[in-house]
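Structure record follows, encoded as structure tokens.
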Amino acid sequence: MKLRRIDEDLWELPAEGGMKVPGRIYAAGPPAPDDPSLQQVANVAHLPGILRFSLAMPDYHWGYGFPIGGVAAVDPEIGAISPGGVGYDINCGVRVVTTALHEEELRPRLRQVVAQLFRDVPTGVGASRAIPALADDELDGVLAGGARWAAARGFAAAPDDPSRCEEGGRLPQADPAAVSDRARARGRDQLGTLGSGNHFLELDRVAEIYAPDAAAAFGLLPGAVAIQIHSGSRGLGYQVCDESLAALTPRMRDFGPDYAALPDPQLACAPVRSDAGRRYLAAMQAAANFAFANRQVMTGLAVRALCRSLGLSEGELGARVLYDVCHNVAKLETHAVDGAPREVLVHRKGATRAFGPGDPRVPAPYRAVGQPVLIPGDMGRYSYVLAGTDRAMRDTFGSSCHGAGRLLSRGQALKLARGRSIDRELAARGIEVLSRGRKTLGEEMSEAYKDVAQVVAVMHRAGLSRLVARLEPLGVIKG
DNA sequence: ATGTCC
């Protein structure tokens with residue numbers, strides 16, 4: 001593939017053949033020309049109605065149809081919405097909850113606290129029953145209300161947590177009726193559960209501050225303990241994606257020649273303004289709200305677990321949501337295109353919204369410095385908090401990277417972990433880890449991931465987000 | 001990511 005370097009960390013794939021726009025890849029070095037995910041960047045550029053670029057963030061890698069780390073905005077009047085541009089785990093995302101606790105107060109009780117979290121937050125692939133199974137009207141409330149539903153029922157660090165989530169913790173065009181009975185059945189008893197794979201609930205210490213102005217606005221103090229939660233929409237979101245793909249894949253010819261000519265069946269999509277497109281958008285937003293509610297319920301469970309195991313009142317713990325971001329979502333957002341504001345549909349698949357300073361969609365306490373951009377790393381090293389920029393608004397539809405990205409496949413990682421005790425290795429470095437599955441720790445060990453410091457360095461240099469703080473893990477629970 | 005194959 002012809003790659004042209006157009007800036008220090010930015011590479012362009014010229015629009016060729018059926019590509020409607022060029023590809024743009026943010027990367028520290030030249031992308032490997034034989035990387036199949038590069039072809040996926042080019043494939044996404046065929047999407048009907050795509051605007052300006054098919055984008056890839058520096059943590060990009062192969063995914064279903066779209067690369068993970070991909071961003072594509074379309075004109076909703078003529079463009080397409082694609083389930084593969086969102087991913088199976090709809091609104092997989094991450095939140096950080098700050099506390100008034102100092103790491104030195106936590107360390108002597110760390111084992112007990114992690115054990116309490118592990119008891120109170122179900123983990124693992126089939127985890128269920130964090131809270132009683134939801135009746136139909138309650139599930140409707142979750143699907144329509146997102147984090148607000150959970151906070152209103154007392155699952156919260158602070159009552160106004162949802163105001164510090166992306167979109168206020170609720171996508172407005174969600175339609176619970178667009179979610180199938182089967183998807184509902186899978187979600188009914190899974191709210192408040194973590195899941196498996198790279199999902200985690202962590203206790204972190206604020207290890208370093210890079211931007212004192214933004215860190216102060218975000219409430220990040222050196223040595224303070226923060227809770228970080230990475231999870232998504234569990235079986236409900238998976239089911240919505242699966243059913244949507246099954247419905248759309250055979251229909252590409254019906255939607256016209258641009259659809260029939262798409263270079264990969266995994267790019268199955270529908271016109272945003274068609275019945276099929278509207279139905280997916282409504283179901284996907286409902287699943288996204290389930291994920292917002294899921295992280296909000298786990299926030300409540302974690303706060304109670306910390307208070308119980310440390311003998312603190314909630315006031316003494318002083319927890320509140322810093323921010324909550326979607327990593328897998330398609331959203332109608334207003335962006336400047338050719339100098340004029342217009343509504344576009346932005347697919348972010350393994351990418352994070354990164355709105356800049358002054359944007360009214362950034363919560364008031366953070367508006368002067370830009371939206372918090374939460375980038376988890378791996379369980380043995382660190383995670384980062386960044387802030388969105390004007391440059392991201394101009395160049396990437398207000399988007400940034402979402403994590404480290406895998407270096408080794410799960411199989412390769414397991415092979416490397418054979419005969420080792422990953423939890424003991426982490427404990428020797430002061431990190432307490434409890435995990436349900438015996439395989440997960442091997443698949444998720446640090447060596448399986450790229451160094452997220454290198455990924456966020458690209459975002460900082462390219463000006464798409466600026467570094468604010470580094471978090472380091474003290475305790476982790478996993479699936 | 002996922003009742004990792006209804």
Side-chain angles (χ1 to χ4, degrees), chain A residues 37 40 59-70 82-95 121-130 133-134 139 179-201 229-247 266 280 283-284 286-295 298 325-330 347-352 376 378-379 402-406 408-414 435-444 448-449 477-479:
Chain A
S37 52
Q40 291 190 313
D59 48 336
Y60 79 106
H61 54 283
W62 191 89
Y64 184 93
F66 279 53
I68 293 157
S82 173
V86 173
Y88 270 86
D89 191 2
I90 294 164
N91 191 11
C92 180
V94 63
R95 67 166 51 188
V121 181
T123 72
V125 65
S128 64
R129 285 192 250 178
L134 298 163
L139 186 54
V179 177
S180 72
D181 288 344
R182 192 165 172 194
R184 292 171 68 98
R186 291 184 69 169
R188 197 179 295 284
D189 64 351
Q190 286 197 322
L191 196 68
T193 66
L194 190 67
S196 184
N198 64 1
H199 289 170
F200 63 78
L201 190 154
I229 300 172
H230 179 211
S231 186
S233 49
R234 310 287 289 105
L236 184 142
Y238 180 98
Q239 193 66 29
V240 167
C241 179
D242 206 38
E243 291 170 8
S244 303
L245 286 168
Q266 295 186 356
Y280 172 67
M284 185 269 296
N289 288 343
F290 186 91
F292 276 133
N294 192 33
R295 295 193 286 275
M298 284 188 278
V325 295
C326 313
H327 282 169
N328 282 10
V329 78
H347 299 79
R348 295 194 185 89
K349 182 190 192 177
T352 312
D378 63 77
M379 63 186 176
H402 88 304
R406 270 199 173 272
L408 306 177
S409 71
R410 290 183 176 190
Q412 288 173 312
L414 278 177
S435 172
R436 194 75 52 187
R438 53 193 194 290
K439 287 198 321 184
T440 305
L441 288 184
E443 292 171 349
E444 292 295 310
Y449 283 92
I477 68 168
K478 296 220 24 113

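Please read these numbers as outputs of a predicted model, since none were measured by experiment. To find a chain, count down the sequence lines: A is the first, B the second, and so on, and within it residues start at 1.
The distance from atom CZ of A:F200 to atom OG of A:S435, rounded to the nearest 0.5 Å, is 13.5 Å.
In this structure, OH of A:Y238 is placed 8 Å from P of B:dT4, rounded to the nearest angstrom. In this structure, CZ of A:R436 is placed 18 Å from C1' of B:dT2, rounded to the nearest angstrom. For A:D189 and B:dT2, the CG to P distance is 14 Å, given to the nearest whole Å. Distance CZ (A:R410) to C1' (B:dT4): 8 Å, rounded to an integer number of Å. At whole-Å resolution of the value, CD in A:E243 and P in B:dC6 are 12 Å apart. Taking atom CZ of A:R234 as the reference point, atom C1' of B:dT4 lies 12 Å away to the nearest angstrom.
A:G232 comes within contact range of no nucleotide atom at all, as no heavy-atom separation falls under 4.0 Å. Across all strands, A:S233 comes closer than 4.0 Å to no nucleic acid atom at all (heavy-atom distances). Contact annotation for A:Q190: backbone-only contact, meaning every heavy-atom pair under 4.0 Å involves sugar-phosphate atoms and none involves a base. Within 4.0 Å of A:G235, counting heavy atoms only, lie sugar-phosphate atoms of the nucleic acid but no base atom.
Using a 4.5 Å heavy-atom cutoff, the side chains of A:Q266 and A:F66 are not in contact.
A tilted orientation is assigned to the rings of A:Y238 and A:Y88, their planes being inclined by 30° to 60°.
With salt bridges taken as basic N to acidic carboxylate O contacts below 4.0 Å, none links A:K439 and A:E444.
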